[in-house]
Amino acid sequence: MRAVRFDHYGDAGVLEIAEVGKPEPAAGQVRVAVRAAGINPGEAKIRTGELHERWPARFPEGEGSDLAGVVDAVGPDVTGFTAGDEVLGYTNDRASHAEFVLTGPDQIVAKPAGLSWPQAGSLFVVGTSAYALVQTAGVGAGDVVVVSAAAGGVGSLASQWARNLGAAVVGLARPANHEWLRHYGVLPVDYAGPDLAARVRQATGGRPVTAVLDTYGPPYVQLGLDLGVSPDRMATIADFGAGERGAKVVQHFTVASPPVLTEIAEALASGRLEMPIAATYPLTQVRDAYRDLERGHTRGKIVLLP
């Protein structure tokens, strides 16, 4: 089978399509023929070596967590899934950017019929990240919430989730995304320019901000402090040092479970949440896919279609 590999840190040019052996499922494993697999900024940072201290590569390294596809084979002791089942989920082995992948029956769920392959194959990381942010910050009706990078994959889902819970949401994004955010009932504010805190206060009409959901990094935990938000109502997936200021650092896999995956998938399939697909690429164009991602300002998800 074909699979993405890289044998040293670097830019997208280090990625190769390798011919490797098709994995055989052992006891408690499921083999999935991958139809779609999302790409994520964290994977790019692992590839460049930026996250070496936290998540070092094991060369030759594979890539990918998100996946959706068709069950191809099951190992001994697997119940609940059989060959031909359409599923979505994840692997923890950096291996979904491939034609086939092994995963566990507790890491996949049935794909709703109304969910497209690209959406199903790219919901795990962004969906569980958004879910964890909203839950950790305790967002609910009556809250006024600031979301950084609100037009990105995680930010757009977190914004919609907070709105569905009855919160008012201020979405930080470049002006090109403002009308799109208004479509979801989000109050857009340009993240660039002076005195961001004052411009957020103006957008809320003077209502105090009660929570911050950060998907970008350090400037936005500080913004929350500047706005008088209690640190325990600030959750971040991108500022790993935020705990020193009392904010909560969130890791998406802490909420990963079949019930949560099913909830996210059904919300997308029903239209309660929307996740736009920015672009799709064949596996052979994985370098182009990551270059597209790393240019930034992506609205929604970029997905590989093996």
Side-chain angles (χ1 to χ4, degrees), residues 1 3-6 9 15 18 20-81 85 87-111 120-133 135 153-154 237-238 240 249-265 283 286 290 301 303-304 306:
M1 72 168 191
V4 176
R5 293 287 187 272
F6 63 101
Y9 290 130
L15 298 174
V20 300
K22 187 176 178 180
E24 292 298 325
Q29 291 184 316
V30 176
R31 187 171 68 201
V32 177
V34 181
R35 295 284 185 87
I39 68 174
N40 295 287
E43 293 153 1
K45 292 178 180 180
I46 289 172
R47 187 203 67 233
T48 63
E50 184 177 341
L51 297 179
H52 176 78
E53 295 301 319
R54 184 175 292 268
W55 293 301
R58 303 176 298 275
F59 301 124
E61 183 66 279
E63 275 195 332
S65 299
D66 298 350
L67 66 95
V70 179
V71 173
D72 177 66
V74 299
D77 303 324
V78 172
T79 60
F81 295 99
D85 289 345
V87 298
L88 63 89
Y90 66 101
T91 172
N92 286 324
D93 297 328
R94 301 180 189 170
S96 68
H97 296 168
E99 292 178 315
F100 294 88
V101 63
L102 295 179
T103 188
D106 58 341
Q107 296 173 313
I108 54 175
V109 298
K111 182 184 86 67
S122 59
L123 71 76
F124 169 66
V125 169
V126 294
T128 54
S129 295
Y131 187 100
L133 284 169
Q135 295 294 314
V154 178
I237 60 169
F240 298 122
V249 180
V250 173
Q251 298 189 3
H252 70 276
F253 54 79
T254 60
V255 300
S257 68
V260 169
L261 280 178
T262 298
E263 182 179 351
I264 297 168
L283 191 69
V286 63
Y290 272 99
K301 291 295 296 177
V303 189
L304 296 175

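Hydrogens, waters and symmetry mates play no part in the numbers below; they use all other heavy atoms, side chains included.
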Full working for side chain to side chain contact (heavy atoms under 4.5 Å, CB included) between N40 and K301: CA-CA 8 Å; N40 295 287; K301 291 295 296 177; 2.6 Å; yes
F124 side chain near L261 side chain, heavy-atom distance below 4.5 Å: yes
Nearest atoms (heavy-atom pairs only) where P306 meets L283: CA-CB, 4.1 Å
Polar side-chain atom of S129 near backbone of H252 as donor-acceptor pair, under 3.5 Å: no
Row check, F6 ring normal vs R47 NZ/CZ: under 6.0 Å, within 45°: no
Side chains of I39 and L304 in contact at under 4.5 Å (non-hydrogen atoms): yes
Where G75 and P25 come nearest, the two heavy atoms and their spacing: N-CB, 3.7 Å
Main-chain N/O of E61 paired to R94 side chain as donor or acceptor, under 3.5 Å: no
Minimal non-hydrogen separation, A18 against R5, with atom names: CB-CG, 3.8 Å
Verdict with supporting geometry, L102 and T91, side chain to side chain contact (heavy atoms under 4.5 Å, CB included): CA-CA 7 Å; L102 295 179; T91 172; over 6 Å; no
Flag, side chain of D66 to backbone of V125, donor-acceptor distance under 3.5 Å: yes
Exercise: identify the closest heavy-atom pair between Y90 and A256: OH-CB, 3.8 Å
Interatomic spacing from OH in Y131 to CD1 in I264 - rounded to 0.5 Å: 7.5 Å
Shortest non-hydrogen contact between E43 and Y290, atoms and distance: OE1-OH, 2.7 Å
Nearest-0.5 Å distance that lies between atom CD in Q29 and atom CG in D77: 11.5 Å
Gap between atom NZ of K45 and atom CG of L51 - 0.5 Å precision: 6.5 Å
Backbone N/O of S65 and side chain of H97: donor-acceptor pair under 3.5 Å: no
CG on L67 to CG on L88, rounded to 0.5 Å: 8.0 Å
Q107 side chain near N92 side chain, heavy-atom distance below 4.5 Å: yes
Interatomic distance, D72 atom CG to K22 atom NZ [nearest 0.5 angstrom]: 4.5 Å
Closest approach of V34 to A98 (non-hydrogen atoms, all atoms of both residues): CB-O, 3.3 Å
